[in-house]
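Naming convention: chains lettered A, B, ... in sequence-line order (proteins, then strands); numbering from 1 in each chain. Quick caveat: nothing in here was measured; it's all calculated off a predicted structure.
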Amino acid sequence: MSQKHATTLIKSLCARGAVRHARALFDEMPDRDVVAWTAMLSGYASSGRHREALDLFRSMAAAGVIPNEFTLSSVLTACRAAGGGGAASIHALALRRGVDHMPYVVNALIDAYASRGGGDGLVDARCLFDALGEGRTAASWTSMIAGYARWGQENTGLQLFQNMIQDDVELSPFTCSIAIHACSLVGNLYFGQQIHVLSIRKALGANLAVANSLVDLYCTCASILDARRLFDEMPERNLVTWNTIIVGHSRRDPLMAMQLLVNMDIEPNCLTLTSITSACAGLSALRCGQQVHGAVLRRNYGYDLKVSNALVDMYSKCGNIFNAKKVFNMMTCKDILSWTSMIGGYGMNGYVNEAIKLFNSMVHAGIHPDHVVFLGLISACSHAGLVDEGWNLFRSMLLEYNIQPNKEIYGCVINLLGRAGRLREAFILIDTMPLTPDEYIWGALLGACKMHRNLELGRLAAGKIIEINPDAVKTYILLANICAADSKWGEYAATRVLLRGTGSSKEVGMSWIELSDKMYTFSTADSSSPQVSLADEVLQILVQHMDEAGSEFIDNICRGA
DNA sequence: CAGCGGGTTG
């Protein structure tokens, strides 16, 4: 077999995925010219085996074979995949061989530098890009734009995209979807829509990646209805399409997310199931959540970190702490989210001591806590009335873990103190906190004043809230109630008049319960449905039973067996 | 005989 034939065969073996066979053939060749080496190198590089590609490149140098522009562009692909680290030395080599200006080599260099990221990588890439001038090709533009988008400089990338369009460079679906994705990362709906129009004009709208990135853009930056319209119009959908629309709905319309899953005509993957699990958590739909758990196990996704995290969170939010713990304990590797979900789960279900114990285990495991963990812990203490524990956590957050509390945490601590009646301390904390208190912080104090009938501080807090947001309806009602409780009827009436001035009525808080796959919603003192009156009767009976059986019975219910 | 870029979902 001639050397040319062998080289052709190496290429086609690699193209079919038989890289090992190609290597065996390569090793048997009596002499290998630069073309044979390059074919083998490129085979490795384009199948993701950059380690082998770089090793082969070294062997080639050791064998005294001089690389040419073909070799260098291939080896740059491997550099890029390996993080772009060796790009500079290949660049030097290209200069020495006088091939540094050949289009494939420059483009590969731009891409390798841009993939290295950081400040330098992009600057180096941009230097080469600018020096190209009229010699720029679509590949140069795309590498540069993708580099910016990948390293957090989306707007620079979009600027470049605009220049590319002005330069009349032919737009590919690849570049188009990268640019749309950049728009959705920075929340630039307007530019994204312009690209949408452009993509239709250039007949790229039917491309799946383009359409998918548009669905994502509308999910993140517009209303999910817009996203949904586009989704419904798509003649063809793949798993990414479905996942994009389901993920887009899972937080804002979890019920619709479930409906979409039901309509899905292809096999879901673990991302699908993760976001459906969150949808169940958002709905506290335990039975659905359990079915999804079953689907997860059947597909062997049980060991996926994100799926497990979502399951722990779902069971916690559905009040089934037993299963949450079971999933959590089964996890072989845990990240901070796993711990947060479990700690938060204990907290929100009233198991403060377990939460604190687990928090200590987490710290012991070397995980540095964050705001979310502390929020879960302190709010658990607040609900359980453990003022000192909560306060100590708040202090240690600052002193031991060096985390600056955010407004949410302050709000929580105000609640903690307020519930315990320590209104003065709560007020002082608001007064001395390094952040500007918002209506929610003052709202927490006002709520506590209502609870403990403190008219003086309540008036103050209400005044602050109305200053910030005159339409905060709840404020007037709370203040009015405090006045009423203090028999200040004149002020009560005045406050009610103010309330009418906002032209709004307080929205009704709804509760709901899932029974036999049906969801029932109701509000306080709702006598509109027969189920509610029935539930009321049952509740009376239960209360009677609980009185009789005492705390042991309550304990059992709480453990949710 | 061999070579570059680049896609959308958490």
Q: Compare side-chain N and O positions of A:His181 against OP1 and OP2 of B:dT9 and report whether any pair is under 4.0 Å apart.
A: yes

(Q) Heavy atoms only, 4.0 Å cut-off, all strands: where does A:Ser42 land among base, sugar-phosphate and nothing? (A) sugar-phosphate

Q: Look at the side chain of A:Thr7 and the base of B:dC1, then say whether one donor and one acceptor between them are separated by less than 3.5 Å.
A: yes

Q) Which pairs pass ring-ring contact (aromatic ring centres under 6.0 Å, His included) with one or both residues in residues 192-245 of chain A, sequence neighbours excluded? A) A:His196-A:Tyr218, A:Phe231-A:Trp242

(Q) Going by ring-ring contact (aromatic ring centres under 6.0 Å, His included), name the pairs with one or both residues in residues 66-98 of chain A, residues two or more places apart or in two chains. (A) A:His91-A:Tyr113

Q | Interatomic distance where OH belongs to A:Tyr104 and P belongs to B:dC4 [whole Å] | A | 8 Å

Q: Figure out the CZ/C1' separation between A:Arg251 and B:dG10, and round it to whole Å.
A: 13 Å

**Q.** Separation of B:dG3 P from A:Leu41 CG (nearest whole Å)
**A.** 10 Å

(Q) Within the 3.5 Å criterion, strictly below it, is a donor on A:Ser316 or A:Asp313 matched to an acceptor on the partner's side chain? (A) no

Q: Locate the shortest heavy-atom distance separating A:Ile409 from A:Leu375; write the atom from each residue and the value.
A: CD1-N, 3.7 Å

(Q) Below 4.0 angstrom, which residues in residues 231-245 of chain A have at least one non-hydrogen atom near DNA chain B? (A) A:Val240, A:Asn243, A:Thr244

Q: Would you mind listing every side chain to side chain donor-acceptor pair (under 3.5 Å) that reaches into residues 50-62 of chain A, with sequence neighbours excluded?
A: A:Asp55-A:Arg58

Q | Value in whole Å for how far the C1' atom of B:dT8 lies from CZ of A:Arg150 | A | 16 Å

**Q.** salt bridge (charged side-chain N to carboxylate O under 4.0 Å, His left out) partners of A:Asp216, counting only residues at least two apart
**A.** none

Q: Look at all strands and tell whether A:Ser143 reaches a base, only sugar-phosphate, or nothing, counting heavy atoms closer than 4.0 Å.
A: sugar-phosphate

Q) Touch check for A:Asn269, heavy atoms < 4.0 angstrom, all strands: base, sugar-phosphate only, or nothing? A) nothing

Q: Measure from NE2 on A:His5 to P on B:dA2 and round the result to the nearest Å.
A: 12 Å

(Q) What is the distance, to the nearest angstrom, from the CG atom on A:Leu109 to the P atom on B:dC4? (A) 13 Å

**Q.** A:Lys306 vs B:dG10: side-chain N/O to OP1/OP2 distance below 4.0 Å
**A.** no

Q: Indicate, with a heavy-atom threshold strictly under 4.0 Å, whether A:Leu271 touches base, sugar-phosphate, or nothing.
A: base

Q: Look at all strands and tell whether A:Leu76 reaches a base, only sugar-phosphate, or nothing, counting heavy atoms closer than 4.0 Å.
A: nothing

Q.
By nearest atom, which of the nucleotides B:dG10, B:dC1, B:dG6 is closest to the A:Asp216 side chain?
A. B:dG10

Q.
What's the closest nucleotide to the side chain of A:Thr38 if the choices are B:dA2, B:dC4, B:dG6?
A. B:dA2

Q. With A:Arg49, which residues qualify under salt bridge (charged side-chain N to carboxylate O under 4.0 Å, His left out), at least two apart?
A. none

Q: Would you please indicate yes or no on a ring centroid separation below 6.0 angstrom for A:Phe359 and A:Trp339?
A: no

Q) When all nucleic acid strands are considered with a 4.0 Å heavy-atom cut-off, which category describes A:Thr77: base, sugar-phosphate, or nothing? A) sugar-phosphate

Q: Take atom CZ of A:Phe70 and atom C1' of B:dA2, then tell me their distance rounded to the nearest Å.
A: 6 Å

Q. Looking at the side chain of A:Ala138, which of B:dG5, B:dT9, B:dG3 is the nearest nucleotide?
A. B:dG5

Q) When the distance from CD1 of A:Ile246 to C1' of B:dT9 is rounded to whole Å, what number comes out? A) 10 Å

